[in-house]
Each structure stands twice: as structure tokens, then as C-alpha cells.
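Structure first, commentary second.
Fair warning: this is a prediction, and the values are worked out from it, not measured in the lab. These numbers come from the heavy atoms of this one structure, side chains and all, not from hydrogens, waters or symmetry mates.
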Amino acid sequence: EVPREVLFQLPQGRYQATISGLRPEIKQAGQGPQNWIRIQFDVQIPGLSARFDTRAARNFKLDLHPGSEFRNWLTGLLGKEFFKERSGQQVSFDFLLNTECEVELEHFYGRGYKTPLVVIASIRPVRSSQPTPDKVTGGKD
């Protein structure tokens with residue numbers, strides 16, 4: 001049996017995914033070293049995931065200040081209250097491992113490149129497949 005290949009060239013669209021890895025990194029910048037985080041996903045792509053390990057990842061500067069790219073992106077999954085409730089506290093994101101979510105993949109075409117860069121544009125909770133019942137209000141017949 002030929003082992004499954006890992007495929008990062010994924011089509012654009014919204015897909016179910018699982019957070020499969022969190023890796024801290026230190027990158028050098030003009031102002032000195034910066035803390036970054038790489039979030040890896042196993043993405044379920046119909047027609048591809050049966051044959052390949054379909055994966056995507058995104059890197060962020062580890063900055064949780066209001067308005068930062070990382071915080072804005074995570075808010076789609078965790079909500080604004082997550083940050084409000086943890087204001088001034090240390091946070092470990094290890095709890096995100098194995099979290100099921102929905103990701104939106106977009107393509108970015110760099111000048112001189114034949115294949116696009118696959119970008120995880122947004123992340124959100126998995127939509128319920130069960131319809132939400134309408135609220136029943138009491139009343140007289």
C-alpha cells in the first residue's frame with residue numbers, strides 16, 4: 001500500500017476542519033525576536049480527503065491586543081467574550097487542539113508563482129446540522 005500523501009494545495013471554500021497542531025515559533029525582526037504561533041488544521045475536502053491528508057496552516061504574531069490580526073481571527077471561533085473574561089490573565093491555547101471548526105480557504109496569487117498560497121481567511125464554530133426550533137410563545141387560543 002502506498003502511504004497517503006499530504007496535500008496543502010486545497011480548493012477555495014468553506015470546509016469542516018480540526019485543529020491538529022499548535023507550534024510556537026520565534027522570528028527575528030528589526031526590533032528583536034518576536035513570538036509567533038503556527039496553527040495547523042486537518043481539513044475535510046470532499047473528494048480529496050479520502051485519498052490525501054488535506055492540511056492547511058496559518059502563522060500569526062502572538063499578539064492578543066484589541067485589533068491585532070491574531071485576536072480578530074480567533075474571535076470568529078471563540079467570540080469576543082472569551083477575551084473579555086480573560087482580561088489581564090495568562091492564556092494557553094492548548095485547549096484548541098482537536099477542536100472541530102469551520103474554515104474558509106482563500107487563494108492568494110503571488111507574482112511569479114504558478115500555484116496559489118492557500119490562506120485560512122476565517123475560522124468559526126461548526127454550524128449545527130440540526131435546525132434550531134423557533135421559540136414558542138404562550139398565548140390564548
>> For A50, is there any backbone N or O sitting under 3.5 Å from a side-chain donor or acceptor partner on R4?
In response: yes

>> To the nearest 0.5 Å, what is the distance between OG on S122 and CZ on R14?
In response: 6.5 Å

> Hey, does the side chain of R23 reach the backbone of R38 with a donor-acceptor pair shorter than 3.5 angstrom?
Replying inline: no

> CG/L62 to CZ/F70 distance, rounded to the nearest 0.5 angstrom?
Replying inline: 6.0 Å

> Under 6.0 Å between the ring centres of W36 and F60?
Replying inline: no

> Checking side chain to side chain contact (heavy atoms under 4.5 Å, CB included) for the pair T18/T99: CA distance, chi angles, key distance, verdict?
Replying inline: CA-CA 5 Å; T18 303; T99 297; over 6 Å; no

> Considering residues at least two apart in sequence or located in another chain, which fulfil the ring-ring contact (aromatic ring centres under 6.0 Å, His included) criterion with F83?
Replying inline: none

> Quick one: does N72's side chain have a donor or acceptor within less than 3.5 Å of a partner on G67's backbone?
Replying inline: yes

>> With rounding to the nearest 0.5 angstrom, report the CD1 to CD1 distance, I123 to I39.
In response: 6.5 Å

> Does the S49 side chain pair with the main chain of V43, one donor and one acceptor, at a distance under 3.5 Å?
Replying inline: yes

> How far does CG of L97 sit from CG of L22, to the nearest 0.5 angstrom?
Replying inline: 4.5 Å

>> Could you report the tightest heavy-atom contact between L96 and I19, atom names first, then the distance?
In response: O-CB, 3.5 Å

> Closest approach of L105 and P11, non-hydrogen atoms and distance?
Replying inline: CD1-O, 3.6 Å

>> Please determine whether side chain to side chain contact (heavy atoms under 4.5 Å, CB included) holds for the pair K61 and K27, giving the CA-CA distance in whole Å, both sets of side-chain angles, and the decisive distance to 0.1 Å.
In response: CA-CA 9 Å; K61 181 178 177 187; K27 294 186 178 185; over 6 Å; no

> Taking atom CD of Q44 and atom CD of E100, what is their separation to the nearest 0.5 Å?
Replying inline: 9.0 Å

> CD of E5: more than 12 outside heavy atoms within 6.0 angstrom?
Replying inline: no

>> Strictly distance-based, threshold 3.5 Å: is any side-chain N or O of S87 a donor or acceptor partner for the main-chain N or O of K84?
In response: no

> Can you name the nearest heavy-atom pair linking I120 to R58, along with the distance?
Replying inline: O-NH1, 2.6 Å

>> Run the ring-ring contact (aromatic ring centres under 6.0 Å, His included) test against Y15 and tell me which residues pass, sequence neighbours left out.
In response: none

> How are the rings of Y109 and H107 set to each other: parallel, tilted or perpendicular (split at 30° and 60°)?
Replying inline: perpendicular

